Amino acid sequence: MVSHQLMLRAGLIRRLAAGIYTWTTLGLRTLRKVEAIIREEMDRAGALEVLMPAVQPAELWQESGRWDQYGPELLRLKDRHQRDFVIGPTHEEVITDLARRELKSYRQLPANFYQIQVKFRDEIRPRFGVMRGREFIMKDAYSFHATPESLQEGYDAMRAAYIRMFERMGLEFRPVKADTGSIGGTASEEFQVLADSGEDAIAVSDGPDQYAANLELAPTLPTTAPRAAPSAPLAKVATPGQRTIADVAAFLGVPASRTLKLLMVEGDQGGVVALLVRGDHELNAIKAQKLPGVASPLRMAAREAVLEATGCEPGYLGPLGLSCPVYADHAALALADFVCGANEVDMHLSGVNWGRDLPEPAPADLRNVVEGDPSPGGDGRLVIRRGIEVGHIFQLGRKYSEAMQASVLDESGKPVTMYMGCYGIGVTRIVAAAIEQNHDAAGICWPEPLAPFAVVLVPLNAAKAPRVAEAAERLYAELTAAGIETLLDDRDARPGVKFADAELIGIPHRIVVSERGLDAGRLEYRNRRATANEDWPADEVVTRLRALVAAGAAR
RNA sequence: CGGGAUGUAGCUCAGCCUGGUAGAGCACUACGUUCGGGACGUAGGAGUCGGAGGUUCAAAUCCUCUCAUCCCGACCA
């Protein structure tokens, strides 16, 4: 992960323990810039800032049910009286408790509370530095509404605020439709910063419909073209030792897209369920576990269960003669004259056709979309990109307010359970994501709104040339007085060292002060993203920088 | 949690197989030279060899346990 290496090399962070980092001055300054933009936009959107405790009593989590639902990711601890506490991985419980105590009337709604706070999630395997750390800073906001319509309005307002924030930060991002996961709720969108190194795959339409969704959520459309008529006879062929789709396809000389893959998963009442996808397609676990009869979360069936249901080892499974429930992906149902397992070791079937050789199973959307699939938005083709999730907004509905009895009195004096929205931003992760998107071979190239300093002053050979040191100090004082955040590299180091470090830490504007320049009444300017220097009249430096910095901040 | 690997100077690592004086490069300190793209010379400081126990005359090296870290996987608002 490039961003992590650069953050360490540039001295933005230092590791203390696995997934736990100290933010040093340079990194902290950028972190504060991110926070400031978030704070301004949240305030502008009418949200109220609060600060909730990191340590929370277990009772609230027992009330919501998440004390039992959450696994080892929830860091639990006991105080000296042996009472249970958690270090908050999120704050739905605490905010809902606050809301039910403070909000009594529909006339107080809608309300939106947010905080910028440290969270802790005991990740199984922390990695990529602050991108997936255990301790991290998050902005989390929670809105409360009397009606679903009001929730929708609040959600839309947050969505707009998020777009403003990420644009102000100079990030290339996409809002994408998302799965609500274990947090529950209905509508949900993620904000993904586009980066090849991102952990999430997202499907984006190349057409005018603007469709974008997390890969795990993007639906495939049923094939509209009529299926080809059977032309080959059903035949059993020996395929000794050919267990995988790739092996079988190569062995029989057919493309993987003409084969059928059978995946046996556990049923929700025990037993197994057969899922069929085209050989070259991937099963989508999120979609599969939502099917009636399929266990959630999705679990692959054990070898013994497969043997019991089919009398055959995995590797040669096929849909003919199965007695368990069967679902087939739309694309699998579009096949004709295809190859599949014969439910007999070392044997496959070829020339198989739905209807003629076996009954058609229940159709379903089972697979991940692939590049080139038609966009669910209706006007375009899907392209697969990778992204870093930096924000996620949810319409939670009444999941927590119901469990924790958070209600207000409506106009007729009757209690109504509040509707909730929740809106998260990974603050620390944004810093890493920004670097992931803005770097070159020499180091970080900060977007100006996030740069720890706007200007770096590099005096050359100042130790031996007092007038260089004096000129640099004077310029530093002038720039600082002009409100420009300036870093003065007054180290007694060689020029190459200073240039390399200035580039590594990614300060947008650089001014070199040298004897040569002073003699000519000129100073040298260079933008971090430029490859050549500019020669500036010394007396115009402050004015010019002020204009450049103002332009950078106004984006 | 499953699989794999690594813990020796601030950092990166060699030494371990075959037990016997703890090393290199970078970094650091002092002095001198140098000074527009990661300088050079001389001198110097620096290590409970992750921890505990064991074998042995003798353990960084062999054995046992333990802790930590990293990689792959499962996991993941």
Side-chain angles (χ1 to χ4, degrees), chain A residues 1 4 8-9 11 14-20 66 69-74 88-93 95 119-129 131-134 136 138-142 176 178-192 199-200 214 216-217 285-286 297-300 388-396 399-400 420-426 429 441-443 458-465 468-469 489 491-504 510-520 522-524 526 531-533 535:
Chain A
M1 182 73 51
H4 187 220
L8 287 171
R9 277 215 292 145
R14 289 291 179 243
R15 197 192 72 103
L16 179 65
I20 300 179
R66 290 207 291 185
Q69 282 170 22
Y70 248 94
E73 199 186 50
L74 179 63
T90 173
H91 283 71
E92 278 84 7
E93 281 79 5
I95 195 68
K119 304 258 191 269
F120 193 95
R121 292 181 196 173
D122 202 352
E123 293 277 348
I124 297 172
R125 186 150 92 85
R127 58 188 117 176
F128 310 137
M131 193 75 87
R132 182 170 285 285
R134 292 195 290 173
F136 56 99
M138 174 170 270
K139 187 285 299 178
D140 49 327
Y142 307 88
V176 307
D179 185 63
T180 52
S182 62
I183 201 158
T186 51
S188 166
E189 283 167 284
E190 293 167 349
F191 288 77
Q192 295 274 357
E199 288 190 90
D200 295 335
N214 194 300
E216 63 188 18
L217 191 79
I286 304 275
L298 191 73
R299 287 183 301 270
M300 297 307 291
I388 299 164
E389 181 188 347
V390 293
H392 202 155
I393 58 178
F394 295 81
Q395 292 190 31
L396 281 182
K399 175 173 173 174
Y400 296 91
M420 289 176 62
C422 88
Y423 318 94
I425 290 183
R429 180 180 280 184
V458 183
L460 299 186
N461 198 18
K464 286 284 169 60
V468 170
D489 187 352
R491 295 174 302 171
D492 180 17
R494 301 177 66 78
V497 174
K498 294 188 173 192
F499 293 150
D501 282 348
E503 280 153 19
L504 175 61
R510 184 184 81 187
I511 296 287
V512 174
V513 184
S514 68
E515 294 192 272
R516 199 162 81 192
L518 290 179
D519 288 340
R522 322 280 294 179
L523 292 174
E524 173 190 301
R526 180 139 153 191
T531 50
N533 299 329
D535 201 22

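What you see is a predicted model; the values in this text were computed from it and never measured.
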Among B:U69, B:G36, B:C76, the one nearest any side-chain atom of A:R132 is B:C76

Between B:C72, B:G37, B:C70, which one does the side chain of A:R125 approach most closely? B:C72

When you measure only distances, ignoring hydrogens and angles, does the side chain of A:N461 come within 3.5 Å of the base of B:G36 through a donor and an acceptor? no

Using a distance-only criterion (donor-acceptor N/O pair, under 3.5 Å, no hydrogens), is the base of B:C71 paired with the side chain of A:R127? no

A:L8 versus A:R14, closest heavy-atom pair with distance: O-NH1, 2.8 Å

The nucleotide from B:G36, B:G38, B:A77 with an atom nearest the side chain of A:A500 is B:G38

Side chains of A:R121 and A:Y70: do they bring a donor and an acceptor to under 3.5 Å? no

Return no unless some side-chain N or O of A:R494 is found under 4.0 Å from OP1 or OP2 of B:A39. yes

Does A:E503 reach a base, just sugar-phosphate, or nothing at all? Heavy atoms under 4.0 Å. base

So does A:R510 reach the base of B:G37 with its side chain, donor to acceptor, closer than 3.5 Å? yes

Check the distance between B:A77's P and A:F191's CZ and give it to me in whole angstrom. 18 Å

Taking atom P in both B:U8 and B:G3, what distance in whole Å separates the two? 25 Å

When rounded to the nearest Å, what value does the distance between C1' atoms of B:G20 and B:C67 take? 30 Å

